Participant: 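Can you keep this structure in mind? I'll have questions shortly.
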Amino acid sequence: MKIRRTFVVTLLIIGCLLTGCGAAGGTTQSTQSTQSAVAEKSYAYSEYPLERNGIKLHLDKMVLEGTNPEKNILLVHGVTYSSHEFDINYEDYSFVRWLASEGYAVWRIDIAGFGQSGEVQDGFMPDSNYASEDINAAVEKIVKETGQDKIDVLGWSWGTVTTSLFAKNHPEHLRKLILYAPIMSGLGEGEVKEAFHHNTWEHAADDFVKKADGTFDYSIADANLIEMWCSSCWHYDRESSPNGGRRDLLVSKDTRLIDLSKITVPTLVICGDSDPYLNYDHVNKAKDELPEGSQLKVIKGGSHVVFIEKPYYKEFREGIKGFL
């Protein structure tokens, strides 16, 4: 079903009021309170200036108002859209706010060229290896700001490729790793000619489950949530995003993209069992290659966006909570 722009623009305005998308930047810490009408909890939002390779990176943090958590987790986004997707503030679907209510300081990084981070001239430059170093810069900043020597990191989709490279090369500040919807191997050979991906409203909604007739299955994902998701993508990611990561993924299905044997910290592999991007032969064998204390959780019925799907998001959270 095609997204109706007039409705989405209205929701964008509401969403900005809820999520604080106009927060001031450029200061060491800009804090504001946000209110969830459903959860009736207030949250403090802060931005932390960060720069790597001459490019300004967007790093933010959310905590439960009035708290100073000793637990920190960094969330890393996928290949097209940036970290705003973790905080769709509709009913109780925001993953960020749920983690904050569980006692975490929740950090998010936008890789160079994505979302609120600085633009790049070459869209192929922020590939998986480059992104892993942006993640390391964010982790080092978090460690410096908080005084906590080790933090947790969650990567989603392409973010599992980038965070696994980070975990391999920079394990010193990593406590536990979560690979959500891991792209263990190539998605199939495909030529990526353009350095930047052309983003559309329809593409932003592609990960939501559809019925046989092509319309969204609203028993799986709430209609308002889908609208707010697409609105947020249009606001933060606009019409294009770098294609370096996409070029890394569109290789032979025989090409391993994540070397689990190089990860030295306890790792949770979590996903739905109906995710079209995953190689389940590799997923189901993941624990055999991971260190002691690692876990595997496959949620029956879940897709690529299982963390916000009506029947499954609470099971997803229980898996995260049990591991951390």
Side-chain angles (χ1 to χ4, degrees), residues 57-60 73-88 93-96 106-117 120 123-124 126-132 134-135 138 153-167 177-188 190 192 196-209 221 226 229-230 232-238 240-251 257-258 268-272 274-279 283 302-309 313 316 320:
L57 301 177
H58 179 81
L59 177 67
D60 65 25
I73 187 168
L74 174 68
L75 309 183
V76 181
H77 62 80
V79 76
T80 306
Y81 304 104
S82 51
S83 63
H84 62 84
E85 292 180 323
F86 294 114
D87 185 34
I88 303 300
Y93 285 107
S94 169
F95 185 53
V96 169
V106 188
W107 301 76
R108 295 177 297 171
I109 177 72
D110 286 349
I111 302 302
F114 289 85
Q116 298 180 77
S117 285
V120 295
F124 289 132
D127 60 8
S128 301
N129 284 296
Y130 185 98
S132 72
D134 277 0
I135 295 167
V153 174
L154 177 148
W156 173 35
S157 192
W158 176 54
T160 63
V161 178
T162 60
T163 56
S164 64
L165 287 168
F166 156 75
L177 177 67
I178 300 173
L179 301 178
Y180 160 38
I183 311 298
M184 299 284 196
S185 59
L187 300 179
V192 181
F196 291 90
H197 181 264
H198 176 60
N199 301 335
T200 65
W201 291 78
E202 292 77 13
H203 181 270
D206 271 352
D207 288 331
F208 291 98
V209 174
I226 296 174
W229 174 283
C230 294
S232 193
C233 288
W234 189 254
H235 176 78
Y236 288 107
D237 302 301
R238 301 172 295 280
S240 67
S241 51
N243 253 346
R246 180 169 280 100
R247 186 168 65 176
D248 288 346
L249 299 183
L250 291 180
V251 294
L257 299 179
I258 299 177
L268 170 65
V269 173
I270 187 168
C271 59
S274 300
D275 190 326
Y277 304 113
L278 304 195
N279 183 324
V283 168
S303 76
H304 201 58
V305 290
V306 64
F307 79 113
I308 50 171
E309 291 181 320
Y313 77 105
F316 176 86
I320 298 291

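Heavy atoms only: backbone and side chains are in, while hydrogens, waters and symmetry mates are out. Just so it is clear, the structure is predicted and the values come from calculations on it, not from any experiment.
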Participant: In terms of relative ring orientation, are F307 and F95 parallel, tilted or perpendicular, with 30° and 60° separating the classes?
Facilitator: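 Judged by the thresholds at 30° and 60°, the geometry between F307 and F95 is perpendicular.
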Participant: For H84, which residues count as a ring pair (Phe, Tyr, Trp, His ring centres under 6.0 Å) partner, sequence neighbours excluded?
Facilitator: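 If we apply the ring pair (Phe, Tyr, Trp, His ring centres under 6.0 Å) test to H84, skipping adjacent residues, the hits are Y236.
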Participant: Does F208 have any ring pair (Phe, Tyr, Trp, His ring centres under 6.0 Å) partners at least two apart in sequence or in another chain, and if so, which?
Facilitator: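 Applying ring pair (Phe, Tyr, Trp, His ring centres under 6.0 Å) to F208 gives W229.
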Participant: L179 vs I270, test: side chain to side chain contact (heavy atoms under 4.5 Å, CB included). Steps then yes/no.
Facilitator: CA-CA 6 Å; L179 301 178; I270 187 168; over 6 Å; no
Participant: Using every non-hydrogen atom in the two residues, find where P242 and G123 come nearest and quote the distance to one decimal.
Facilitator: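 Taking P242 first and G123 second, the nearest heavy atoms are CB-O, 3.4 Å.
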Participant: Considering non-hydrogen atoms only, spot the tightest contact between T163 and G159 and give its length.
Facilitator: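 Closest approach of T163 to G159: OG1-O, 2.7 Å.
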Participant: If I take atom CG from residue N243 and atom CZ from residue F124, how far apart are they, to the nearest 0.5 angstrom?
Facilitator: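 Spacing of CG (N243) from CZ (F124) equals 6.0 Å.
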Participant: Take F196 and V120, measure what side chain to side chain contact (heavy atoms under 4.5 Å, CB included) needs, and give me the verdict at the end.
Facilitator: CA-CA 10 Å; F196 291 90; V120 295; 4.1 Å; yes
Participant: Tell me, with the steps shown, if D248 and V161 meet side chain to side chain contact (heavy atoms under 4.5 Å, CB included).
Facilitator: CA-CA 9 Å; D248 288 346; V161 178; 6.0 Å; no
Participant: So V106 and D87, side chain to side chain contact (heavy atoms under 4.5 Å, CB included) or not? Walk me through it.
Facilitator: CA-CA 11 Å; V106 188; D87 185 34; over 6 Å; no
Participant: Are the side chains of D110 and H77 in touch, meaning some heavy atoms are under 4.5 Å apart?
Facilitator: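 Yes. Closest side-chain heavy atoms under 4.5 Å.
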Participant: Identify, with sequence neighbours excluded, every residue that meets ring pair (Phe, Tyr, Trp, His ring centres under 6.0 Å) alongside H197.
Facilitator: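 Result, ring pair (Phe, Tyr, Trp, His ring centres under 6.0 Å) vs H197: H203.
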Participant: Can a donor-acceptor pair be found, under 3.5 Å and without considering hydrogens, that links the side chain of S117 to the backbone of A112?
Facilitator: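 No, the answer is negative, given that no donor and acceptor are paired below the 3.5 Å cut-off.
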Participant: What distance separates S241 OG from H198 NE2, expressed to the nearest 0.5 Å?
Facilitator: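 So the gap between those two atoms works out to 10.5 Å.
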Participant: Using side-chain heavy atoms (C-beta onward) and a distance below 4.5 Å, is L75 in contact with S83?
Facilitator: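 When only atoms from C-beta onward are counted, S83 and L75 do not touch, as no gap falls below 4.5 Å.
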Participant: At what distance, to the nearest 0.5 angstrom, does CD1 of I88 lie from SG of C233?
Facilitator: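 Reported value, rounded in 0.5 Å steps: 7.0 Å.
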Participant: Quick one: closest heavy-atom pair of S132 and L165, and the distance?
Facilitator: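 Shortest heavy-atom separation between S132 and L165 comes out as CB-CB, 3.8 Å.
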Participant: Does a side-chain heavy-atom distance below 4.5 Å link D275 with V283?
Facilitator: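 Sidechains of V283 and D275: no contact.
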Participant: What's the spacing between I308 CD1 and Y93 OH if we round to 0.5 Å?
Facilitator: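 Taking CD1 in I308 and OH in Y93, the distance rounds to 9.0 Å.
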Participant: What's the separation between atom CG in D134 and atom CZ in F166, rounded to the nearest 0.5 Å?
Facilitator: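 The CG atom of D134 sits 12.0 Å away from the CZ atom of F166.
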Participant: What I'd like to find out is whether the side chain of I178 reaches to under 4.5 Å of the side chain of V153, using heavy atoms alone.
Facilitator: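 Not touching, per the 4.5 Å side-chain cut-off.
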Participant: Tell me whether the guanidinium CZ or amine NZ of R108 lies under 6.0 angstrom from the six-membered ring centre of F86 and within 45° of its axis.
Facilitator: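 Here R108 fails the 6.0 Å and 45° test against F86.
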Participant: For L57 and I111, which heavy atoms make the closest approach, and how far apart are they?
Facilitator: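 In terms of heavy atoms, the two residues are closest at CD2-C, 4.4 Å.
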Participant: Answer yes or no: is there a side-chain heavy-atom contact under 4.5 Å between V79 and S157?
Facilitator: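 V79 does not reach S157 side chain to side chain.
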Participant: Look at the aromatic rings of W156 and H304 and report parallel, tilted or perpendicular, splitting at 30° and 60°.
Facilitator: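 Aromatic pair W156/H304 classed tilted.
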Participant: So, the side chain of R247 versus the backbone of G190: is there a donor-acceptor pair under 3.5 Å, distance only?
Facilitator: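 A pair under 3.5 Å: no.
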Participant: Rounded to the nearest 0.5 Å, how far apart are CH2 of W234 and OG1 of T200?
Facilitator: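 If I round to the nearest 0.5 Å, the distance is 8.0 Å.
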Participant: Counting C-beta onward and ignoring hydrogens, is there a side-chain heavy-atom pair between I135 and T162 closer than 4.5 Å?
Facilitator: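 Counting from C-beta outward, I135 and T162 do come under 4.5 Å.
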Participant: Any heavy-atom pair between the side chains of T160 and I258 that's under 4.5 Å?
Facilitator: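 Contact flag for I258/T160 side chains = yes.
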Participant: Which heavy-atom pair separates V306 from F316 by the least distance, and what is that distance?
Facilitator: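 Where V306 meets F316 most closely, the heavy atoms are CG1-CD1, 3.8 Å.
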Participant: Find out whether V251 and L257 are in side-chain contact, i.e. whether some heavy atom of one side chain is under 4.5 Å from a heavy atom of the other.
Facilitator: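 Touching, per the 4.5 Å side-chain cut-off.
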Participant: Which heavy atom of L187 sits nearest to which heavy atom of L250, and what is that distance?
Facilitator: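 Closest approach of L187 to L250: CB-CD2, 4.2 Å.
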Participant: May I have the step-by-step check of side chain to side chain donor-acceptor pair (under 3.5 Å) for Q116 and S82, ending in yes or no?
Facilitator: CA-CA 8 Å; Q116 298 180 77; S82 51; over 6 Å; no
